[in-house]
Amino acid sequence: MQPITNKAYKLLHNGCIALSQVEANGIRIDVDYLNRTIAETTAKVKNLLDKLKTDKIYKMWKKIYGQDANIGSREQLGNILFNHMGYESVALTDTGRHKTDKNALDILDVPFVRNFLEIERLKKANSTYLKGVLKEVVDGYLHPVFNLHLVQTFRSSSDSPNFQNIPIRNPDTAKLIRPAFISRDNHQLVEIDYSGLEVHTAAWYHKDPVMLKYLFNKKEDEYGNPLKDMHRDMARQCFMLPREELYWKEDKKDAKRIKDIRYCGKNMFVFPEFYGDYYIDCATALWNAIGTMKLTTRNGVSIYDHLVGKGVFKLGLCNPDKKPCKGTFEKHIQNVEDNFWNNRFTAYNRWRKNWYYQYKERGWFDNLTGFRFRGDFKRNEVVNYPVQSCAFHCLLWSLIRLQKLLKKYNMKSLIIGQIHDSIVADVYKKELQNYLELCHQIMIDDIKKHWKWIITPISIEAEVSPVGGDWLQKEKTAIHN
DNA sequence: GCCATCGGCGCG
DNA sequence: AAAGCGCGCCGATGGC
């Protein structure tokens with residue numbers, strides 16, 4: 001660890017103390033729910049496995065492996081599928097085995113494999129989360145560890161159990177795990193997170209005028225859509241959709257359609273590009289998403305067919321050694337990428353190059369919060385670490401101050417966890433409004449006085465569970481100040 | 001029985 | 001030219 005300023009040292013010092021208090025506070029756990037759900041899930045897995053074992057493919061599996069057949073072995077599954085059944089291997093691992101991750105198996109579109117993946121999802125939920133949480137519970141409370149000194153990027157990590165990767169993206173898995181995390185009597189769970197913090201943080205370094213425009217313009221149209229929305233704009237470009245297709249919502253179904261398309265633009269193009277990925281990976285992910293997420297135009301036309309109308313007929317080879325061909329999605333995304341860096345975010349692009357060049361000259365680089373990175377880093381690491389660390393340090397500073405003020409005002413509310421850009425607290429019901437206002441004051445106003453390089457209008461979002469409720473039930477709430 | 005490694009997957 | 005970053009935890013595997 002190399003904090004090179006007094007402020008940086010203090011952040012680390014106070015952060016350790018604050019997080020140790022968070023650990024001591026702990027999270028209330030519904031132990032009965034866990035025991036019940038583990039039993040149910042174990043039974044369900046066993047049931048599904050019995051069913052799966054009647055499939056022809058498993059019978060072949062059994063014939064080949066005999067006594068050693070293990071339905072939990074992906075290596076065996078890969079052998080059966082790709083060496084014995086003649087399916088085409090999607091990719092190889094570093095050590096030359098067939099890839100058998102969800103992405104590779106989804107492409108095969110085989111019922112046996114689909115059921116296998118569904119069982120794997122439940123097994124993961126059961127072993128890592130339901131049982132993993134239960135074994136760490138002490139007197140009805142969980143005390144996850146938060147580390148500040150382990151992580152390359154000067155972020156934090158969490159273990160025993162890891163509080164920072166509790167399922168939320170898959171609704172079925174979230175529904176299984178999150179009800180176990182409950183509030184104290186007369187309390188409610190409140191999670192407050194910075195919106196798009198890493199995008200803001202990157203902008204504090206590169207100050208790209210096009211990006212700043214996106215970040216400053218918070219105006220909305222009559223449908224509540226932000227007038228300027230980078231992710232939606234890029235989704236439009238990637239799928240070659242006209243403006244109207246993503247700018248108003250006819251009904252709930254249409255709103256979901258727009259949300260899905262925007263999600264793809266954000267997580268399969270914009271973020272991967274920011275983190276140093278490139279068009280081949282983006283094109284592949286986006287192309288697969290059209291199928292798995294069943295993306296359509298407003299009139300219900302599949303995006304595949306829509307693209308054909310625009311002269312894009314197939315994904316393309318996606319071979320890094322070969323130039324993409326005309327009429328392929330790969331070629332199109334290559335153009336979008338080129339436009340993204342060389343016409344749209346030119347200042348950002350320039351910053352990336354200069355930043356890396358300077359590191360190569362000096363052998364080190366500093367982040368905005370006063371930490372020095374020394375060592376042998378790859379280009380993407382040099383560009384990403386200062387952003388990742390600084391964003392987290394904003395959250396850490398807020399957490400330290402929040403805890404200090406909660407104590408000063410003799411409030412009963414307790415901070416119980418932290419997830420990189422969010423703070424989770426168990427808030428006494430009579431303090432809810434106070435708590436939300438306090439967070440707004442600290443996380444938006446006070447922090448700007450502490451660090452003058454915060455030059456964009458950062459914002460926060462609050463999610464609140466009912467009094468006596470659980471972590472699955474959190475819902476977005478407006479913050480008044 | 002212990003330990004390290006790998007592939008996989010959960011989160012930001 | 002190179003081609004996402006950071007974590008922790010699980011089961012399978014294989015060496016000792």
Side-chain angles (χ1 to χ4, degrees), chain A residues 68-78 91-105 116-117 120-133 135-136 144-148 150-170 173-174 176-178 191 193-199 201-202 266-285 318-321 334 337 341 352-353 356 360 373 377-389 391-392 395 417-422 424:
Chain A
D68 293 334
N70 179 358
I71 203 144
S73 165
R74 291 200 181 228
E75 193 177 355
Q76 290 184 11
L77 176 65
L92 297 180
T93 67
D94 289 342
T95 52
R97 293 183 236 179
H98 298 293
K99 265 215 170 279
T100 53
D101 60 8
K102 188 171 185 313
N103 185 44
L105 294 181
F116 172 88
L117 283 173
E120 286 291 292
R121 183 181 69 79
L122 286 171
K123 280 161 75 179
K124 170 95 177 171
N126 207 20
S127 59
T128 303
Y129 297 104
L130 295 172
K131 292 179 184 173
V133 166
K135 74 176 175 196
E136 298 286 352
V145 178
F146 293 97
N147 313 291
L148 280 184
L150 297 178
V151 182
Q152 287 251 4
T153 59
F154 299 129
R155 249 196 186 181
S156 68
S157 69
S158 168
D159 63 78
S160 310
N162 183 348
F163 185 67
Q164 296 176 321
N165 71 346
I166 307 297
I168 190 163
R169 294 178 194 168
N170 180 312
T173 316
L176 207 54
I177 315 290
R178 294 206 164 224
E191 184 167 354
D193 71 304
Y194 278 112
S195 345
L197 184 56
E198 286 203 9
V199 177
T201 306
K266 175 181 173 185
N267 292 310
M268 297 164 195
F269 185 83
V270 176
F271 280 154
E273 288 287 342
F274 284 167
Y275 291 140
D277 208 347
Y278 74 134
Y279 70 94
I280 286 185
D281 291 339
C282 295
T284 309
C318 289
N319 180 342
D321 301 325
Q334 189 187 32
E337 178 184 69
W341 288 113
R352 294 197 305 176
K353 282 181 186 160
Y356 183 57
K360 280 300 215 186
F373 296 81
F377 300 114
K378 286 179 275 187
R379 179 180 168 279
N380 283 339
E381 293 169 333
V382 175
V383 174
N384 291 331
Y385 288 3
V387 177
Q388 213 178 78
S389 58
F392 169 66
L395 189 280
Q418 157 270 126
I419 313 172
H420 308 300
D421 68 350
S422 76
V424 185

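Letters A, B, ... are given to chains in the order of the sequence lines, protein chains preceding strands, and every chain is numbered from 1.
The base of dG10(B) lies close enough to the side chain of Asn165(A) for a donor and an acceptor atom to sit less than 3.5 Å apart. Applying the 3.5 Å distance criterion, the base of dC9(B) shares a donor-acceptor pair with the side chain of Lys124(A). Side-chain N/O atoms of Gln388(A) and base N/O atoms of dC5(C) include a donor-acceptor pair closer than 3.5 Å.
In this structure, of dC11(B), dG8(B), dG8(C), it is dC11(B) that holds the atom nearest to the side chain of Pro167(A). Relative to the side chain of Glu381(A), the nucleotides dC5(C), dG8(C), dG12(B) differ in distance, and dC5(C) lies closest. Comparing atom distances between the Asp94(A) side chain and each of dG8(C), dG8(B), dG7(B) picks out dG7(B) as nearest.
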Would you list the protein and nucleotides 1-3 of chain C atom pairs, both N or O, that sit under 3.5 Å from each other?
none

Between the protein and nucleotides 12-16 of chain C, which nitrogen or oxygen pairs are less than 3.5 angstrom apart?
{"residue": "dA12(C)", "atom": "OP1", "partner": "Asn70(A)", "partner atom": "ND2", "Å": "3.3"}
{"residue": "dT13(C)", "atom": "OP1", "partner": "Ser73(A)", "partner atom": "OG", "Å": "2.9"}

Which pairs, protein N/O on one side and nucleotides 1-4 of chain B N/O on the other, fall under 3.5 Å?
none

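The nucleotide dG4(C) finds no pairing partner, because no Watson-Crick or G-U wobble arrangement with both distances shorter than 3.5 Å includes it.
Counting any heavy atom pair closer than 4.0 Å across all strands shown, Lys353(A) reaches no nucleic acid atom. Note on Ile280(A): nothing from the nucleic acid sits closer than 4.0 angstrom, heavy atoms only. Note on Ser156(A): nothing from the nucleic acid sits closer than 4.0 angstrom, heavy atoms only. Heavy atoms of Ser422(A) sit nowhere under 4.0 angstrom from any nucleic acid atom. Counting any heavy atom pair closer than 4.0 Å across all strands shown, Thr173(A) reaches no nucleic acid atom.
Listed pair Thr93(A) / dG7(B) meets the phosphate criterion, a side-chain N or O lying under 4.0 Å from OP1 or OP2. For Ser157(A) and dG8(C), the shortest distance from a side-chain N or O to OP1 or OP2 is below 4.0 Å.
Residues Tyr129(A) and Asn165(A) are in side-chain contact: their nearest non-hydrogen atoms beyond the backbone lie under 4.5 Å apart. Between Lys124(A) and Pro167(A) the shortest side-chain heavy-atom distance does not fall below 4.5 Å. Counting only heavy atoms from C-beta outward, the side chains of Leu148(A) and Phe392(A) approach each other to under 4.5 Å. At least one side-chain heavy atom of Leu122(A) sits under 4.5 Å from a side-chain heavy atom of Leu176(A).
In this structure, Glu120(A) contributes its side chain and Lys102(A) its backbone to no donor-acceptor pair below 3.5 Å. Remark: side-chain polar atoms of Glu136(A) are not paired, donor with acceptor, to backbone N or O of Pro161(A) under 3.5 angstrom. Looking only at distances, no side-chain donor or acceptor of Arg155(A) sits under 3.5 Å from a matching main-chain atom of Ala391(A). A donor-acceptor pair under 3.5 Å links the side-chain atoms of Gln418(A) to the main chain of His420(A), judged by distance alone. Under a 3.5 Å cut-off, the side chain of Ser158(A) and the backbone N or O of Phe163(A) do form a donor-acceptor pair.
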* Evaluation steps, side chain to side chain donor-acceptor pair (under 3.5 Å), between Tyr275(A) and Gln388(A) -> CA-CA 10 Å; Tyr275(A) 291 140; Gln388(A) 213 178 78; 5.5 Å; no
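Considering every non-hydrogen atom in both Ile280(A) and Asn319(A), the closest pair reads CD1-C, 3.9 Å. Residues Ile166(A) and Ile177(A) come closest through the heavy atom pair CG2-CG2, 4.0 Å.
Straight-line distance from the CD atom of Glu120(A) to the C1' atom of dG10(B): 14 Å, rounded to whole Å. In this structure, Ile177(A) atom CD1 and dC11(B) atom C1' are separated by 13 Å, rounded to whole Å. Atom CZ of Phe146(A) and atom P of dC7(C) are 17 Å apart (whole Å). At whole-Å resolution of the value, OH in Tyr275(A) and P in dC7(C) are 14 Å apart. Between the CZ atom of Arg155(A) and the C1' atom of dG8(C) there is a distance of 13 Å, rounded to whole Å. The interatomic distance linking Asp159(A) (CG) with dC10(C) (P) rounds to 11 Å, in whole Å. For Asn170(A) and dC9(B), the CG to P distance is 12 Å, given to the nearest whole Å. Gln164(A) places its CD atom 17 Å from the P atom of dG10(B), with the value rounded to the nearest Å.
One P atom belongs to dG4(C), the other to dG7(B), and the distance between them is 16 Å to the nearest Å.
Taking CZ from Arg352(A) and CG from Asn380(A), the interatomic distance works out to 8.0 Å, rounded to the nearest 0.5 Å.
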